[in-house]
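What follows is a short report on a single structure.
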Amino acid sequence: MDLIFEQLNPRGCKTYLLASAKTREAWLIDPILDYIEDYMQVLETRKLKLSFAIDTHTHADHISGAPKLTDLTNCAYVMHSAAQPKQVTDRVGDHTQLYLDGELIHVLHTPGHTLDSICLILPDKILTGDTLFLDEGGAGRDDLPGGDPALHWESLRRLSELHDNVMVFPGHDYRNRRPSTIREQKERNPFFKPCSQSEYVRFVNELKLGPADWMKDVLKANVTCTREKGGLHIPQEVAACEAQLSVPCASTAGEPPVLSAQELRTLLDTGKTSSILLLDVRETVELTSDLGHLPGITHIPLGNLAERLLDLKPHANKEIIAICKMGGRARTAAKLLLSEGFPCVRILTGGMTAWNQSGFAVQRTLSPFSVDFTGKL
């Protein structure tokens, strides 16, 4: 039986329409409050009756439209049993079976990005929410409230057991990637490459991508099921829920070149600093910690790097040295920069920990003379 299946939104956050051409019953998966009028127009124009509004998890980057849709259509609001939003009417669990005009749709509980994350499995496709994205988009970040990288690793392993020809439709995509099969994601998505649970957890924990304050506010608004538009500042087209092109398993791709603390010290002592850009990707609070920072750094936290690449383009002819606490975040940043065409990027191996262990000087106060926060030197 063929179901109507379409993606409705014009931006990176995806809302999927599932409907029966015969009975006109319809579901909306991950609806967004900003587009309620558009959804209602689709339903009216195509003479569809909305029965389910489903959130694959509690969202942190947009306001859910599901509560408003229940007001307007009397549809059910469906989420996992662990979900906190107050006005969910129908709760599902692992292996819950749902039917749309006789078509069986399996619910798979896939915690990790959030504790209430679910995927919806159809015969030929899977709606993965933020459990799995496409290609270098990787998977949803695990540092939001309720996130758990160990559980996420288990969830990804479950998805890897699906038939290779199942098509993957994620909850987000910001780079116009085309949906592709489980087989293709095993080949192209670094989060789908074989690695141990401990490797995955260690890498994700080292990233320390603290959620932006606005994301915490969005989570709270979705728990209370707000219907208010425009009440929060929500950046548009920012890959907020991606783990920022993270690559948890070193064996999945070629490694960026490195240099030691002594080699960097020697390089700086040559006086050719105008041809070098020191890129510190730690959080701001870390710059004034015991490890301090190098003078003259450009500071862009890893969580913001993908959206700040244009700021660095004028420095593409320089050698960029990526710096973090121990090397993990710098490695991720270097991979991103190399993939975006920056020709010369190296990692300070061991990060600021190794620099301090070598006894080299650092600064622990912030000033315009020691830190550039704009990336526009």
Side-chain angles (χ1 to χ4, degrees), residues 11-13 61 133 135-138 141 143 172-177 207-215 233-247 256-259 264 267-268 272-289 291-325 327-348 351-352 362-363 365-377:
R11 70 187 210 200
C13 294
D61 63 335
F133 297 140
D135 303 340
E136 72 275 12
R141 54 194 288 175
D143 62 329
H172 300 280
D173 183 68
Y174 303 91
R175 303 195 180 198
N176 297 315
R177 306 175 184 100
L207 286 177
K208 295 182 180 177
L209 297 175
D213 288 340
W214 67 268
M215 297 181 77
H233 167 66
I234 302 178
Q236 300 298 305
E237 294 306 288
V238 174
C241 286
E242 288 186 1
Q244 303 297 334
L245 302 176
S246 307
V247 183
V258 302
L259 78 168
L264 178 57
L267 186 63
L268 296 175
K272 298 179 180 179
T273 54
S274 61
S275 63
I276 300 169
L277 186 141
L278 301 176
L279 178 63
D280 196 314
V281 297
R282 293 176 296 163
E283 298 298 314
T284 303
V285 67
E286 295 179 80
L287 302 183
T288 55
S289 69
L291 293 178
H293 62 273
L294 300 183
I297 60 169
T298 291
H299 175 242
I300 303 178
L302 181 60
N304 302 112
L305 184 58
E307 63 193 77
R308 298 280 303 280
L309 291 174
L310 287 178
D311 292 341
L312 293 176
K313 285 296 184 182
H315 312 296
N317 61 335
K318 297 182 179 181
E319 179 176 14
I320 298 177
I321 310 297
I323 302 168
C324 67
K325 180 180 179 180
R329 282 172 285 178
R331 173 173 167 269
T332 300
K335 282 179 174 283
L336 172 57
L337 292 171
L338 290 168
S339 73
E340 293 292 331
F342 289 82
C344 189
V345 185
R346 288 198 280 175
I347 302 165
L348 174 59
M352 289 303 296
V362 300
Q363 294 188 358
T365 58
L366 302 181
S367 76
F369 302 102
S370 68
V371 180
D372 173 61
F373 290 97
T374 67
K376 299 177 182 178
L377 288 172

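Computation of the quantities below employed the complete heavy-atom set of this structure, encompassing side-chain atoms and omitting hydrogens, waters and symmetry-equivalent molecules. In this chain, numbering begins with 1 at the start of the sequence shown. Nothing here was measured: the structure is a model prediction, and the numbers come from that model.
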> Is there a side chain to side chain contact (heavy atoms under 4.5 Å, CB included) between Arg331 and Val258 once you walk through the steps?
Replying inline: CA-CA 9 Å; Arg331 173 173 167 269; Val258 302; over 6 Å; no

> Any idea which heavy atoms bring Glu340 and Leu309 closest together, and the distance?
Replying inline: CG-CD1, 3.5 Å

>> Minimum heavy-atom separation for Pro343 and Leu338, please, with both atom names.
In response: O-CD2, 4.3 Å

>> Nearest 0.5 angstrom please: His293 NE2 to Glu286 CD, how far?
In response: 13.0 Å

> Which value, rounded to the nearest 0.5 Å, describes the distance between Thr332 atom OG1 and Leu337 atom CG?
Replying inline: 11.0 Å

> At their closest point, which heavy atom of Ala330 faces which heavy atom of Ile347, and how far apart are they?
Replying inline: CB-CG2, 3.7 Å

> When rounded to the nearest 0.5 angstrom, what distance separates CD1 in Ile297 from CG in Leu287?
Replying inline: 5.0 Å

> How far apart are the C-alpha atoms of Leu305 and Leu312, what are their side-chain angles, what is the distance that settles it, and do they pass the side chain to side chain contact (heavy atoms under 4.5 Å, CB included) test?
Replying inline: CA-CA 9 Å; Leu305 184 58; Leu312 293 176; 3.9 Å; yes

>> If I compare all heavy atoms of Lys335 with all of Pro256, which pair ends up nearest, and what's the gap?
In response: CG-CG, 3.9 Å

> Which atom names give the shortest non-hydrogen contact between Pro295 and Gln363, and what distance separates them?
Replying inline: CB-NE2, 3.6 Å

> Side chain of His315, backbone of Ile276: donor and acceptor closer than 3.5 Å?
Replying inline: no

> Distance from Leu279 atom CG to Ile323 atom CD1, nearest 0.5 Å?
Replying inline: 7.5 Å

> Atom CG in Leu278, atom CD in Glu319: separation rounded to 0.5 Å?
Replying inline: 9.5 Å

>> Please give me the minimum heavy-atom distance between Cys324 and Val281, naming the atom from each residue.
In response: CB-CG2, 4.0 Å

> If you measure from CG on Leu259 to CD1 on Ile321, what distance do you get to the nearest 0.5 Å?
Replying inline: 5.0 Å

